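Below: one structure, written as structure tokens.
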Amino acid sequence: MDKQKVAEVLEEMAVLLELKDENPFKIRAFQNGARAVESLEEDLEKLIQENRLTSVKGIGEHMAKTIKELVETERSKEHAQLKKEFPEGVLAMLTIQGLGPKKVKVLYQKLHLKSIPELEKACHDHKLLKIEGFGEKTEENILKGIEYLKKNIGKHLFPKAQEEAQKLANYLSSSSKVKHISIAGSLRRCKDSIKDIDIVVSSDHPQDVMKIFTAYPFTDRILAQGDTKSSIILQSGINVDLRVVSDTEYPFALLYFTGSKEHNTVMRGIAKDKNLKLNEYGLFKGTKSVPCKTEADIFKALELSYIEPELRENSGEIEAAQAKKLPTDLVEFKDLKGTFHNHTTESDGANTLEQMVEKAMSLELDYLGISDHSQAAYYANGLKPDRVKKQWKAIDHLNTKLKNFKILKGTEVDILPDGSLDFPDSLLAEFDFVIASVHSKFKMSEKDMTQRITKALKNKHVTMIGHPTGRLLFEREGYPVNLLELVNVASDYGKAMELNSHPARLDIDWKICKYAKSKGVPVSINPDAHRTSGIEVLKFGVGIARKGWLAKKDVLNTRPLKEIEKFLKSYH
DNA sequence: GCCGTTTTCGGCCCGACTGTTTTCAGTCG
């Protein structure tokens with residue numbers, strides 16, 4: 001069992017202990033243990049072999065034994081014992097907003113509710129009112145929470161779907177029967193939430209390819225198997241459609257199955273205007289087909305500039321392609337020269353300043369902005385001014401030792417409910433950059449929230465707003481805020497906007513990126529990294545930025561260090 | 001359960017909000 005898996009088991013044990021109403025500090029010990037394992041720099045198996053597990057902070061005798069057991073036998077007796085006490089569905093209830101372990105435990109013990117559907121019915125029948133501590137509002141909120149979960153059922157975050165798709169694509173490519181292969185659909189378009197995986201293959205032996213496909217070892221169920229199309233459900237629960245076509249059909253199939261549906265509809269209309277017919281098999285003039293070897297050829301045949309897959313949402317890209325006004329140099333990962341918004345062990349990060357810097361250097365970045373939390377973020381071990389100054393010293397010291405790399409001193413300062421900031425201006429003035437974020441009091445009216453954030457953005461020391469809507473995909477809606485107005489203010493005051501690259505955030509949304517670009521507001525692609533591997537999520541931010549039509553010049557952190565320092569100086 | 005320039009027990013990040021109560025428990029960040 002690998003680190004990630006071990007951490008997940010420990011995390012689940014913490015949840016089960018919570019359900020059992022165990023000592024809260026014991027629960028936290030398991031959570032800490034999980035985090036410690038997950039953020040291990042060293043090889044877990046090596047640590048076990050050399051009997052050094054307990055030397056890791058947060059792992060004691062007991063946890064070390066459990067981890068060893070998990071790695072060596074793939075299971076833990078204690079974990080199995082805990083799981084036996086609560087049915088699966090009871091754990092699932094915890095994913096409902098506003099329902100924690102205490103309430104779930106009562107629902108299970110008093111009403112014998114064992115799953116979300118049972119809970120839903122009980123709410124409709126007003127059975128919860130009988131229990132002390134539960135009222136009408138609670139029932140309403142639970143139902144709302146269930147609604148929200150249902151809305152997102154069967155959807156997956158981009159990285160999860162991407163990983164599964166890539167694994168499967170690699171498996172298929174290893175067959176000599178597969179000539180061309182591409183991941184298509186919403187994954188290829190870099191959408192932030194993915195419903196299923198589409199793969200397009202060209203082959204002279206479609207039946208063989210289908211056999212190989214349905215024999216994929218990580219298949220849970222085969223839904224359909226034909227000569228051109230087969231569908232399976234993976235063990236991870238993701239649906240996969242495979243299309244197999246001939247080599248000549250391949251570019252057309254790829255275009256068609258990349259979509260979007262709306263984009264395809266307009267494309268077919270354009271073909272029709274030229275007396276042509278476009279479908280997944282080809283482009284036809286009467287019964288004669290127009291030969292195209294690549295997607296680019298198809299666009300050319302329709303007198304359009306090439307449209308990158310990320311842009312194919314029918315949101316103006318076809319008109320722009322007709323007018324030859326599409327951005328030609330969409331941002332790429334290699335364009336990023338540095339990045340902001342990174343946490344260290346000073347606040348709630350899992351890795352030290354040194355480790356974060358080392359990672360950034362390995363990604364060939366030239367600068368890294370450190371922005372630990374401010375004092376109001378107690379839960380995240382936010383820094384008081386004296387600790388900020390200590391960190392500055394550490395950064396200064398490390399900077400003198402670094403060649404061709406610079407650490408920028410920043411903060412992720414809390415925006416307090418009245419729009420004021422969690423540090424005095426005198427302190428803010430001394431940071432290289434300031435990210436201002438909302439972490440509290442989400443339930444404000446849109447007007448009040450917009451005012452609150454606007455006030456923060458207007459503070460002359462603030463560089464940008466962090467995760468501007470606070471959304472967590474599939475978990476929580478963002479707070480209500482008028483983003484267009486925020487972008488307008490950013491434009492007026494010469495500020496930047498953050499594109500938080502965390503796959504569950506991807507905040508601001510790609511649609512807002514487009515608006516920011518139109519207003520000349522630079523977008524900063526930030527990782528919001530809480531560990532070294534967290535910096536790698538920048539690639540997802542790049543995907544969203546591309547989707548939002550951002551070219552290299554529209555992204556703040558494609559600028560070289562010298563330019564960035566000049567830009568940041570304007571905030572002093 | 002983990003930790004300790006406090007060595008074998010006592011402390012472990014805090015505060016706001018909500019909905020339930022009528023003084024507070026549960027949840028969240």
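Just so we're on the same page: letters track the sequence lines, and every chain starts at 1. Computed from a predicted structure; not experimentally measured.
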Taking [M] as the reference, what is the distance to [N] when you measure between their [atom1] atoms (whole Å, please)?
N      : M      : atom1 : value
B/dC13 : B/dT7  : C1'   : 25 Å
B/dC17 : B/dT23 : C1'   : 16 Å
B/dG11 : B/dA16 : C1'   : 24 Å
B/dT21 : B/dT27 : P     : 15 Å
B/dT8  : B/dC14 : P     : 25 Å
B/dT20 : B/dG26 : P     : 14 Å
B/dT6  : B/dC12 : C1'   : 14 Å

Under a 4.0 Å N-O cut-off, is there an ion pair linking [X] with [Y]?
X      : Y      : value
A/E120 : A/K150 : yes
A/E310 : A/K547 : no
A/R471 : A/D509 : yes
A/K114 : A/E88  : no
A/R52  : A/E50  : yes

Between [N] atom [atom2] and [X] atom [atom1], what is the distance in whole Å?
X      : N      : atom1 : atom2 : answer
A/Q31  : B/dT27 : CD    : P     : 14 Å
A/K57  : B/dG4  : NZ    : C1'   : 10 Å
A/L16  : B/dG1  : CG    : C1'   : 16 Å
A/F30  : B/dG1  : CZ    : C1'   : 7 Å
A/D372 : B/dC13 : CG    : C1'   : 15 Å
A/D414 : B/dG15 : CG    : C1'   : 12 Å
A/R476 : B/dC28 : CZ    : C1'   : 9 Å
A/K26  : B/dC3  : NZ    : P     : 16 Å

Syn or anti for B/dT8, with syn set at within 90° of 0?
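Chi for B/dT8 falls in the syn range.
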
Using heavy-atom distances to pick each residue's nearest nucleotide on DNA chain B, tell me which of A/N23 and A/F442 is more 5'.
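Going by which nucleotide is closer to the 5' end, it is A/N23.
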
Given that A/E61 and A/Y378 both sit by DNA chain B, which one's nearest nucleotide is further toward the 5' end?
A/E61

Taking the side chain as every heavy atom from C-beta outward, state whether [X] and [Y] have any atom pair closer than 4.5 Å.
X      : Y      : answer
A/Q451 : A/M444 : no
A/L472 : A/D507 : no
A/L556 : A/I564 : yes
A/I508 : A/I465 : no
A/L538 : A/L365 : yes
A/K103 : A/T138 : yes

B/dG1 phosphate, OP1 or OP2: any side-chain N/O from A/H62 under 4.0 angstrom?
yes

Distance-only donor-acceptor test, A/N32 side-chain atoms vs B/dG1 base atoms, 3.5 Å
no

Might you list the N or O atoms of the protein lying below 3.5 Å from N or O atoms in nucleotides 17-22 of chain B, with each pair's distance?
from: B/dG19; atom 1: OP1; to: A/N141; atom 2: ND2; distance (Å): 3.2
from: B/dG19; atom 1: O3'; to: A/T138; atom 2: OG1; distance (Å): 3.3
from: B/dT20; atom 1: OP1; to: A/G135; atom 2: N; distance (Å): 2.7
from: B/dT20; atom 1: OP1; to: A/G135; atom 2: O; distance (Å): 3.1
from: B/dT20; atom 1: OP1; to: A/E136; atom 2: N; distance (Å): 3.3
from: B/dT20; atom 1: OP1; to: A/K137; atom 2: N; distance (Å): 3.3
from: B/dT20; atom 1: OP1; to: A/T138; atom 2: N; distance (Å): 3.1
from: B/dT20; atom 1: OP1; to: A/T138; atom 2: OG1; distance (Å): 2.8

Find every protein N or O atom lying less than 3.5 Å from an N or O atom of nucleotides 6-9 of chain B, and list the pairs.
none

Please indicate yes or no: is the ring centre of A/F25 less than 5.5 Å from the centre of the six-membered base ring of B/dC12, with the two planes inclined by under 30 degrees?
yes

With heavy atoms under 4.0 Å as the rule, sort [X] into base, sugar-phosphate or nothing.
X      : value
A/V106 : nothing
A/I27  : nothing
A/P101 : sugar-phosphate

Which of these nucleotides, [options], is closest to any side-chain atom of [X]?
X      : options                : result
A/R28  : B/dG1, B/dC14, B/dC13  : B/dC13
A/K102 : B/dG29, B/dC3, B/dT27  : B/dT27
A/M63  : B/dC14, B/dG29, B/dG1  : B/dG1
A/N381 : B/dC13, B/dG29, B/dC14 : B/dC13

Applying a 3.5 Å limit to both distances, which nucleotide forms a Watson-Crick or G-U wobble pair with B/dG10?
B/dC3

Under 3.5 Å, which donor-acceptor pairs link side chains of residues 124-133 of chain A to any protein atom two or more places apart or in another chain?
from: A/D125; atom 1: OD2; to: A/K121; atom 2: NZ; distance (Å): 2.9
from: A/H126; atom 1: ND1; to: A/E139; atom 2: OE1; distance (Å): 2.7

